[in-house]
Amino acid sequence: PESDHIRTMKTVIDWRSKTAPDGAVMFIGDSLTERLATASVASNSVNMGISGIRTDQLITVLPKAINRSSIVFLQIGANDFTQAKSVGIISRMKQISDVIPGKLIWTGIMLDEAEHVNGAIVEICKKRRNCTYIQPVKGGYFVDGVHLSDGGYKLWIARMRNAIDK
């Protein structure tokens, strides 16, 4: 079952996708993305993050606006692990990648137990055109083991800015 927040945010995402400008930089993901001030990475950006969302749920809500995007930043997968839904995650990651056209900048899952999935993401990224993999933030940059601290966001933002130029 989906939380009230996910149901509400799916509606918000639909509104945002309808009003997103052509050539926007889209940020798609979970709570790490939802909490991100995306303009700190790209001024022409739209935040499509939804706290608590898993890969199986994201597949159903990928905004139509990604077709008008210049770049898609993707960060997803931690909730698959925290909600014990990680079986099949690699195939879902491939499915998500296949739906996103154009340039994809993909941050790995920021959980130690997800290293094997991050390896698969690297391989998926290598096989598609215009894909850049960003190493996930690790170590003492979290407030609770899942969510980034201010310092963690600063590090992630710097990595994303560098990836735009690649």
Side-chain angles (χ1 to χ4, degrees), residues 2-13 15-17 19-21 23-55 57-58 61-63 65-66 69-86 89 92-93 96-97 100 103-122 124-125 131-166:
E2 292 181 340
S3 69
D4 289 341
H5 176 72
I6 289 177
R7 279 192 299 279
T8 299
M9 287 305 296
K10 282 183 172 183
T11 302
V12 170
I13 295 304
W15 294 332
R16 288 180 186 166
S17 70
T19 60
V25 177
M26 302 301 222
F27 288 79
I28 299 171
D30 53 29
S31 58
L32 295 173
T33 301
E34 186 179 24
R35 295 174 180 199
L36 176 67
T38 60
S40 63
V41 179
S43 59
N44 188 27
S45 63
V46 179
N47 190 328
M48 300 283 194
I50 302 176
S51 295
I53 199 165
R54 299 183 312 266
T55 56
Q57 296 165 317
L58 181 64
V61 298
L62 273 176
I66 61 174
S69 64
S70 59
I71 300 172
V72 172
F73 280 88
L74 178 63
Q75 194 288 313
I76 189 74
N79 293 312
D80 293 62
F81 286 90
T82 62
Q83 297 174 28
K85 300 279 188 178
S86 64
I89 188 173
R92 290 189 300 274
M93 291 292 201
I96 290 167
S97 170
I100 297 172
K103 186 170 184 171
L104 171 60
I105 300 175
W106 198 341
T107 300
I109 302 170
M110 298 188 203
L111 296 174
D112 290 337
E113 60 267 33
E115 283 306 312
H116 69 289
V117 177
N118 288 339
I121 292 170
V122 168
I124 294 167
C125 209
C131 188
T132 301
Y133 178 78
I134 297 176
Q135 288 291 332
V137 175
K138 298 285 181 152
Y141 290 101
F142 295 86
V143 295
D144 59 6
V146 176
H147 298 101
L148 293 170
S149 64
D150 292 345
Y153 271 105
K154 287 177 183 166
L155 179 58
W156 188 30
I157 288 166
R159 289 178 182 178
M160 287 188 283
R161 284 181 183 157
N162 288 336
I164 289 175
D165 299 328
K166 288 186 177 179

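Residues: numbered from 1 along the sequence shown.
Of the inter-residue distances, the one linking R7 atom CZ with E2 atom CD reads 6.5 Å to the nearest 0.5 angstrom. With rounding to the nearest 0.5 Å, the separation of CG in L32 from OH in Y153 is 4.5 Å. Note that the CD1 atom of I164 and the CD1 atom of I71 stand 5.0 Å from one another [nearest 0.5 Å]. Separating the OG atom in S69 from the CD1 atom in I100 is a distance of 8.0 Å, to the nearest 0.5 Å. Residue M9 holds its CE atom at 10.5 Å from OG of S3, rounded to the nearest 0.5 Å. Between atom CZ of residue F81 and atom CD1 of residue I109 there is a gap of 5.0 Å, rounded to the nearest 0.5 Å.
Looking at I28 and L62, their side chains come closer than 4.5 Å, going by heavy atoms from C-beta outward. A heavy-atom distance below 4.5 Å is not found between the side chains of Q57 and K85. Annotation: side chain of E115 is in contact with side chain of N118 (closest heavy-atom distance under 4.5 Å). The shortest distance between side-chain heavy atoms of M110 and L148 falls below 4.5 Å. Between V25 and V41 there is no side-chain heavy-atom pair separated by less than 4.5 Å.
Across every non-hydrogen atom of N44 and P21, the tightest pair is OD1-CG, 3.6 Å. Considering every non-hydrogen atom in both A42 and S45, the closest pair reads O-OG, 2.8 Å. The shortest non-hydrogen separation linking A163 to T132 is CB-CG2, 4.0 Å. When every heavy atom of A20 is checked against every heavy atom of M26, the shortest pair comes out as CB-CE, 3.6 Å. Residues V46 and A24 come closest through the heavy atom pair CG2-CB, 4.1 Å. Across S97 and L104, no two heavy atoms sit closer than the pair OG-CD2, 4.3 Å.
Around NZ of K138, the count of heavy atoms belonging to other residues, nucleotides or ligands within 6.0 Å exceeds 12. The environment of CG in D144 is crowded: more than 12 heavy-atom neighbours from other residues, nucleotides or ligands sit within 6.0 Å. Counted within 6.0 Å of NZ on K103, heavy atoms from surrounding residues, nucleotides or ligands total more than 12; the atom is thus considered enclosed.
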Query - Test side-chain contact (heavy atoms from CB on, under 4.5 Å) applied to L36 and I157, step by step - result: CA-CA 9 Å; L36 176 67; I157 288 166; 3.8 Å; yes
Query raised in the report: Can you list the steps and then say if Q75 with W156 is a side-chain contact (heavy atoms from CB on, under 4.5 Å)?
Result: CA-CA 11 Å; Q75 194 288 313; W156 188 30; 3.7 Å; yes
Requested in this report: Could you walk me through whether I6 and V61 pass side-chain contact (heavy atoms from CB on, under 4.5 Å), step by step?
Outcome: CA-CA 10 Å; I6 289 177; V61 298; over 6 Å; no
Requested in this report: Apply side-chain contact (heavy atoms from CB on, under 4.5 Å) to I105 and I134, showing your working.
Outcome: CA-CA 7 Å; I105 300 175; I134 297 176; 3.3 Å; yes
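Formation of a donor-acceptor pair under 3.5 Å by the S70 side chain with backbone atoms of G23 is found in this model. Of the possible donor and acceptor atoms, one in the side chain of R161 sits under 3.5 Å from a partner among the backbone N and O of S40. A donor-acceptor contact shorter than 3.5 Å links the side chain of Q83 to the backbone of G52. The closest donor-acceptor contact from the side chain of N47 to the backbone of A37 lies at 3.5 Å or more, if one exists at all. Under the 3.5 Å distance criterion, the side-chain polar atoms of R35 are left unmatched by any main-chain donor or acceptor of S51. Of the possible donor and acceptor atoms, one in the side chain of S149 sits under 3.5 Å from a partner among the backbone N and O of Y141.
A parallel orientation is assigned to the rings of F27 and F73, their planes being inclined by less than 30° (bins at 30° and 60°).
With no hydrogens or angles considered, a side-chain donor-acceptor pair links D80 and T55 at under 3.5 Å.
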